[in-house]
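Side chains included, hydrogens not; waters and symmetry mates left out as well; all remaining heavy atoms used. Each ligand, and each atom within it, is numbered from 1 in the order the structure gives.
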Amino acid sequence: MKLSLSPDDVAFRDELRKIYRTEIPADIRERVRNGRELSRDDIVTAHKILNDHGLAVPNWPVEWGGKDWTPMQRHLWQDEMQLASVPEPLTFNAQMVGPVIAHFGSQELKERFLPPTAALDIWWCQGFSEPDAGSDLASLRTTAVRDGDSYIVNGQKIWTTLAQYADWIFCLVRTDPNAPKKQAGISFLLFDVKSPGVTIRPIKLIDGGYEVNEVFFENVRVPADQLVGEENMGWTYAKFLLGNERTGITGVGRTKVKIGVAKQYAAQTKSGSGTLLEDPVFAARVAELENELLALELTQLRVVSNSSDGKPNPASSVLKLRGSELQQAATELLLDIAGPDAIPVEADDIASPGWAQRSGPAYLNYRKTTIYGGSSEVQRTIIASTILGL
Ligand SMILES: Cc1cc2nc3c(=O)[nH]c(=O)nc-3n(C[C@H](O)[C@H](O)[C@H](O)COP(=O)(O)OP(=O)(O)OC[C@H]3O[C@@H](n4cnc5c(N)ncnc54)[C@H](O)[C@@H]3O)c2cc1C
């Protein structure tokens with residue numbers, strides 16, 4: 001195993017750095033770096049620039065805009081993007097529905113949906129989870145009943161991220177309630193969220209923001225040619241999608257940026273006769289976190305250098321589990337630096353700095369990382385069975 005970069009990889013990385021740091025507007029990158037909310041326009045602008053440079057969907061088949069890159073080049077593409085605080089291409093399009101359509105969709109579906117999906121001319125949202133079907137996703141109850149050339153969809157989804165911005169939804173629906181196994185009767189359906197019978201209701205989160213939604217379907221008529229692949233084969237496509245999702249959320253580069261920001265503020269925070277950054281106990285905590293992150297980065301590089309067949313690796317569960325814990329540790333570090341200044345939230349009439357006021361909501365918001373994409377307990381079960389053979 002060789003973890004140092006070859007001269008070609010160094011040149012590749014430097015070219016990416018240049019594009020990320022000169023082409024993506026500085027104000028958008030600054031908002032990402034400081035953990036501020038991005039508008040729909042910010043996300044679309046950054047995604048379109050990346051797509052114009054061939055950098056939005058490198059994981060797709062080459063004929064649909066993908067790149068024939070080595071695993072190391074793919075790693076550099078994402079790591080450098082995070083280090084430059086560039087918003088990542090919209091995951092629902094680039095990591096989720098795009099690859100599913102490219103691998104399992106008909107030629108007609110590919111031609112109709114892949115170009116606007118890569119360009120973010122269609123904003124997709126993910127309709128998988130339901131009130132009683134999260135970790136146990138195969139228990140989902142939303143139904144799609146065939147009626148002539150259409151399916152009639154009834155049911156409810158929940159935790160649908162950014163559905164308020166979405167044009168279309170990709171949805172797991174039950175098409176055969178009598179299938180012998182609950183995984184067997186599920187299909188993967190695409191439809192416009194403006195179809196009659198679709199209602200989107202926002203959920204206010206603990207940080208005060210509106211990032212997720214409930215989505216209700218009441219007799220929504222969906223053309224049958226918007227089914228991906230074969231009827232009742234949706235579980236296979238969903239597992240493929242979830243493997244891609246997990247690998248993408250380790251967030252080593254993002255956590256490095258967070259720790260860098262925390263150190264910057266710790267250097268401005270008085271403690272005793274010096275600054276907090278000079279405090280030995282605080283410095284030891286930072287060093288430990290940086291070491292843990294380095295260990296995760298080396299594990300990620302090992303996984304990357306051993307996975308040239310393009311298949312999701314079960315080690316992605318280790319990366320998701322540890323990556324999400326370290327993202328949380330970094331937000332906790334910033335919260336502790338802010339101390340009492342973290343308590344007022346976005347209050348103009350209080351003198352505490354904006355970064356400190358935002359550290360509380362950010363800490364609360366990041367509780368999500370150990371839940372979405374498969375909770376930590378679920379990842380541990382996968383690690384126990386598929387890696388440790390227990
Ligand atoms: C911010 C956020 C965004 C999300 N975005 C989307 C989205 O866009 N689209 C979408 O479809 N879904 C989305 N989700 C849903 C997410 O996939 C689910 O929340 C997740 O799968 C957990 O399901 P649940 O919430 O039903 O919890 P449950 O499955 O009810 O789990 C509750 C608790 O029980 C534990 N548990 C459950 N089963 C087991 C088990 N077998 N062994 C041990 N412990 C177990 C869990 O780890 C958890 O601690 C999002 C979630 C969050 C938090």
Spatial distance of atom CD1 (I169) from atom CH2 (W124) [nearest 0.5 Å]: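 Output value for this atom pair is 10.0 Å.
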Return the CZ to CD distance between R254 and Q327, rounded to the nearest 0.5 Å. 5.0 Å
Exercise: do R221 and S150 side chains pair donor with acceptor under 3.5 Å: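 Yes.
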Give every pair made of an N or O atom of ligand 1 and a protein N or O atom lying under 3.5 Å apart, one pair per line with both atom names and the distance to 0.1 Å, or write 'none'.
{"from": "ligand 1", "atom 1": "5 (N)", "to": "W159", "atom 2": "O", "distance (Å)": "2.7"}
{"from": "ligand 1", "atom 1": "5 (N)", "to": "T161", "atom 2": "OG1", "distance (Å)": "2.6"}
{"from": "ligand 1", "atom 1": "8 (O)", "to": "W159", "atom 2": "O", "distance (Å)": "3.3"}
{"from": "ligand 1", "atom 1": "8 (O)", "to": "T161", "atom 2": "N", "distance (Å)": "2.9"}
{"from": "ligand 1", "atom 1": "8 (O)", "to": "T161", "atom 2": "OG1", "distance (Å)": "3.2"}
{"from": "ligand 1", "atom 1": "9 (N)", "to": "Q126", "atom 2": "O", "distance (Å)": "2.8"}
{"from": "ligand 1", "atom 1": "9 (N)", "to": "Q126", "atom 2": "OE1", "distance (Å)": "3.3"}
{"from": "ligand 1", "atom 1": "11 (O)", "to": "Q126", "atom 2": "O", "distance (Å)": "3.3"}
{"from": "ligand 1", "atom 1": "11 (O)", "to": "F128", "atom 2": "N", "distance (Å)": "3.0"}
{"from": "ligand 1", "atom 1": "11 (O)", "to": "S129", "atom 2": "N", "distance (Å)": "2.7"}
{"from": "ligand 1", "atom 1": "11 (O)", "to": "S129", "atom 2": "OG", "distance (Å)": "3.3"}
{"from": "ligand 1", "atom 1": "12 (N)", "to": "S129", "atom 2": "OG", "distance (Å)": "2.8"}
{"from": "ligand 1", "atom 1": "17 (O)", "to": "S129", "atom 2": "OG", "distance (Å)": "3.4"}
{"from": "ligand 1", "atom 1": "23 (O)", "to": "S135", "atom 2": "N", "distance (Å)": "3.3"}
{"from": "ligand 1", "atom 1": "29 (O)", "to": "S135", "atom 2": "N", "distance (Å)": "3.0"}
{"from": "ligand 1", "atom 1": "29 (O)", "to": "S135", "atom 2": "OG", "distance (Å)": "2.6"}
{"from": "ligand 1", "atom 1": "47 (O)", "to": "S375", "atom 2": "OG", "distance (Å)": "2.5"}
{"from": "ligand 1", "atom 1": "47 (O)", "to": "E377", "atom 2": "OE1", "distance (Å)": "2.6"}

With sequence neighbours left out, write down each residue that passes salt bridge (charged side-chain N to carboxylate O under 4.0 Å, His left out) with E111, or none if nothing qualifies. none
According to salt bridge (charged side-chain N to carboxylate O under 4.0 Å, His left out), who are the partners of R201, at least two apart in sequence or on a separate chain?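 Here the qualifying residues are E214.
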Under the salt bridge (charged side-chain N to carboxylate O under 4.0 Å, His left out) rule, what pairs show up with a residue in residues 150-173, not counting sequence neighbours?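 Matches after skipping sequence neighbours: R40-D167, E130-K157, D167-K194.
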